[in-house]
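Note that the numbering runs from 1 along the sequence shown for the chain.
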Amino acid sequence: MNLKGKGCLIPIIIIAAVIIIGIALFAGNYNKFMTSEETVNQQWSKIDVQLQRRYDLIPNLVNTVKGYAQHEKEVIKEVTDARAALGGARTPDELAAADQQLQGALSRLLVIVENYPTLKADAQFTQLMDELAGTENRIAVARADYNNAVADYNKLIRRFPGVVIARMMGFDEKRYFETTPESRTNPEVDFGTDETSQIPALPGTGSQHLRLQPKGEWA
């Protein structure tokens, strides 16, 4: 091959090498985005499972309270409406708002329960509160895991050269599942004098606690 032929071949080799490197870089980043996004989706499904579990517990709790405190209609309605809002929520923002609404309604419900000693002593009520406390603990853990996964994903798609590929392929930032400071403080309600029944403050909450003689563990 003469020098002229070699001179034409070199640019072709360079272009081919650049294309191969670009494809490898693109594929590598795309696979990372897909893996990270799938992790976010998996963590979100864990939140969804625990929210559904709490959603299913609410009707039995409301019916039990009604049996002892029928005239507390306003608070009972708040809990029922908040449950409906949670059932209709779809996005992290909607779920966070509905979750906050439900927590507030449940807090007010627990406060009025203090006026009904017979209700507090009811075995079904105690069991429901144990299950609810365990579910709240699991929701908190699932929420923290989800937010960590979202943080890792968002960092990944913001870094160069990943940010270029992310924009080309439509990988958008994920929203955190966040609550307001007010919703992180639990009401202090005592359902017994046994010190072993104390639940530690939930992760990221204030120092107040529920004392429900828990069986379980918590987003």
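- In this structure, OH on Tyr68 lies 15.5 Å from CG on Asn115, to the nearest 0.5 angstrom.
- In plain terms, the two heavy atoms of Thr135 and Gln50 that are nearest each other are CG2-O, 3.4 Å.
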(message) What verdict does the salt bridge (charged side-chain N to carboxylate O under 4.0 Å, His left out) test give for Lys66 and Glu72, after you've listed the backbone C-alpha separation in whole Å, the side-chain angles of each residue and the deciding distance to 0.1 Å?
(response) CA-CA 8 Å; Lys66 277 183 179 178; Glu72 302 286 358; over 6 Å; no
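- Taking all atoms of both residues into account, the shortest heavy-atom contact from Glu131 to Arg53 is O-NH1, 3.4 Å.
- What you find for Lys120 and Thr126 is that their closest heavy atoms are O-OG1, 3.4 Å.
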(message) Under the criterion side chain to side chain contact (heavy atoms under 4.5 Å, CB included), I'd like the reasoning laid out for Phe177 against Val150: C-alpha separation, chi angles, the key distance, then a yes or no.
(response) CA-CA 9 Å; Phe177 185 17; Val150 168; over 6 Å; no
(message) If you apply the rule salt bridge (charged side-chain N to carboxylate O under 4.0 Å, His left out), what do you find for Asp152 with Lys174, and how did you get there?
(response) CA-CA 10 Å; Asp152 291 340; Lys174 304 291 186 183; over 6 Å; no
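- There is no side-chain donor-acceptor pair under 3.5 Å between Tyr153 and Glu173.
- The heavy-atom pair separating Leu132 from Arg54 by the smallest distance is CD1-CG, 3.5 Å.
- To the nearest 0.5 Å, atom CG of residue Asp56 and atom CZ of residue Arg83 are 7.0 Å apart.
- Distance alone, capped at 3.5 Å, places no donor-acceptor pair between the Asp99 side chain and the Leu95 backbone.
- Proximity of Leu102 to Tyr55: side-chain heavy atoms (C-beta onward) are nowhere separated by under 4.5 Å.
- Remark: Arg143 CZ to Ile47 CD1 distance equals 7.5 Å, nearest 0.5 Å.
- Taken to the nearest 0.5 Å, the CG atom of Leu106 stands 10.5 Å off from the CD atom of Glu78.
- Listed for the Asn60 side chain is no donor-acceptor partner under 3.5 Å among the backbone atoms of Leu128.
- Not one N or O on the side chain of Ser36 forms a donor-acceptor pair closer than 3.5 Å with the backbone of Phe33.
- Ion pairing between a basic and an acidic side chain is recognised when a charged N comes within 4.0 Å of a carboxylate O; Arg175 and Asp93 show such pairing.
- Residues Gln52 and Asp48 bring no donor and acceptor atom of their side chains to less than 3.5 Å of each other.
- A pairwise comparison of heavy atoms in Phe171 and Ile157 identifies O-CD1, 3.6 Å as the closest pair.
- Smallest separation of non-hydrogen atoms from Leu51 and Leu86: O-CD2, 4.3 Å.
- With a 4.5 Å cut-off on side-chain heavy atoms, Leu61 and Leu109 count as touching.
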(request) Kindly indicate, with the supporting measurements, whether the criterion side chain to side chain contact (heavy atoms under 4.5 Å, CB included) is fulfilled by Ile112 and Arg108. (result) CA-CA 7 Å; Ile112 69 165; Arg108 288 184 285 277; 5.8 Å; no
(request) Tell me, with the steps shown, if Gln43 and Asn147 meet side chain to side chain contact (heavy atoms under 4.5 Å, CB included). (result) CA-CA 9 Å; Gln43 296 300 336; Asn147 286 339; over 6 Å; no
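- Connection of Met34 to Trp44 is established within a shared hydrophobic cluster, with ILVMFWY side chains joined at heavy-atom distances below 4.5 Å, either directly or through further cluster members.
- Taking the ring centroids of Tyr176 and Tyr146, they lie at or beyond the 6.0 Å cut-off.
- In this structure, Met129 CE and Asp122 CG are separated by 12.5 Å, a value rounded to the nearest 0.5 Å.
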